[in-house]
Amino acid sequence: MRKIALILLVFLAVTSCKKNQEEFVIDSVEPQKPIVDFGFHYDDFNVYCDTIQSQDTFERILKKQNLNGKKASDIIKVIKDSFPTSVRFKRPYVCLRSKDKYNKLQYLIYQPTRLNYYLIDLTDSIVGYNKTRPLTFKTRTVAGELTGSLTQTLRSLKIEPTLSGRLTKVFAWSIDFFKSRKGDKFALSFTERYINDTVYDGVDSLRAAFFEYKGKKIYAFPFVQERNGKTDYYDENGKALKNFFLKAPLKFVNITSHFSKNRFHPVQLMWKAHKGTDYAAPTGTPIMTTAAGVVEQAGYTTGNGNFVKVKHDKTYSTQYLHMSKILVRRGQRLKQGEIIGKVGSTGLATGPHVCYRFWQNGVQVDALKLKLPNSQVMEGRNLPRFKEQIRSVKLELDSVAEAKF
């Protein structure tokens, strides 16, 4: 009986101890990570954050941090060569103070942009630094279908809409995005910038893309040829996307009248040849030269209104009519896509538009029916390197598209 009683007492003691232990168990909580920015652990300082107010200067900001006028002036004299002369309204700055009873200013950080900042170090001597926050680059590859405009579609996929402008420029010679349709498929691979690995800073570069246009996949891969060191875009076979001529003199195309041997003129009210293509657009819309060249004529006639004619080489010339304003002069050299004027309705015109005329060997022809040359041909010696470079990214594009569709 004594043995049984002893065993029972031991059992009760053990279970009671376990119970007490269980009552005092505290759930483990992961410690909060200290804030680290600009290379500093904020937990080590008294931190004061603010933004630049009207009339603020570096000296006034320093005085707000309990520095007397002489000390603030001395600091400004030291840092004036490495700091900007003024501060930008509403841009942030951070003051890091010591945690002791003196609460002394040790560092001042001013951010004129999200990426760049200026640092004043007051710990030993006065030193000023111009610094850049660390950037990381992350790759995204996505596939989708047009649900509206290209900009709207990218926004719906949480892609920076400004990428649409870059894509429009890359495919300007191959695709008329004004005529693209809902449901047209595409895939994109691009890199995005992040500040401190967390703060999104926009699209950095386009790695590759394809769009389905009129039932055909049109690829674009950036590549640098050895000869000129310039980045151009090519399809999967190494054929340049960039042509000698842009498809149109406006960024967004709305054709209201085609080249015709016999068209009823809306102003003269008679049947006559229309040796150009009319692109309607609001007054003031920029007009681009479709190829590099020299301004051959720039002036005014009763029929053409304000117009510019550009000679591109021995074979081709183009003309742009009815401008509200001419922005170039005779003899001026132009790059492809350079703005030469603005849409208007001067001369014989019923509304704002540009009449685009095209000459080949001195004869006016229909620009939309010409097979125009590429401006940059891939050199044969570059083709193997190009094929090797695009292999993995093309596979990536195709795989993502296959999984999506």
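In this text the structure is predicted, and so the values were computed from the model without any measurement. When reading the values below, keep in mind they use all heavy atoms of this one structure, side chains included, and skip hydrogens, waters and symmetry mates.
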For Y356 and Y320, what are the C-alpha separation, side-chain angles and deciding distance, and is it a ring-ring contact (aromatic ring centres under 6.0 Å, His included)? CA-CA 5 Å; Y356 176 56; Y320 312 79; 5.4 Å; yes
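Ring orientation note: the planes of F211 and F171 are nearly perpendicular, at an angle over 60° on the 30°/60° scale. Ring-plane geometry between Y316 and F244 is classed as tilted, the angle between the planes lying from 30 to 60 degrees on a 0 to 90 degree scale. The aromatic rings of Y118 and F83 are tilted relative to each other, their planes meeting at an angle between 30° and 60°. Between Y110 and F58, the ring planes are perpendicular. Angles over 60° get that label, and only those under 30° would be called parallel.
When atom types are taken as modelled, the side chain of R97 and the backbone of Q65 share a donor-acceptor pair closer than 3.5 angstrom. No donor-acceptor distance shorter than 3.5 angstrom exists from the side chain of N196 to the backbone of T198, with no hydrogens or angles considered. Checked by atom type and distance alone, the side chain of S324 pairs as donor or acceptor with a backbone atom of V343 at under 3.5 Å. Judged purely by atom type and a 3.5 angstrom limit, D366 uses its side chain to pair as donor or acceptor with the backbone of L368. Side-chain N or O atoms of H322 include one that pairs as donor or acceptor with a backbone N or O of T346 at under 3.5 Å. Formation of a donor-acceptor pair under 3.5 Å by the T168 side chain with backbone atoms of S164 is found in this model.
At a cut-off of 3.5 Å, with distance as the only test, a side-chain donor of T123 or D121 sits close to an acceptor on the other residue.
Both cation-pi conditions hold for K309 and W359: the charged atom is under 6.0 angstrom from the six-membered ring centre and inside a 45 degree cone around its axis.
Residues R385 and V224 share a closest heavy-atom pair of NH2-O, 3.0 Å. In terms of heavy-atom proximity, G347 sits nearest to Y300 at N-OH, 4.3 Å.
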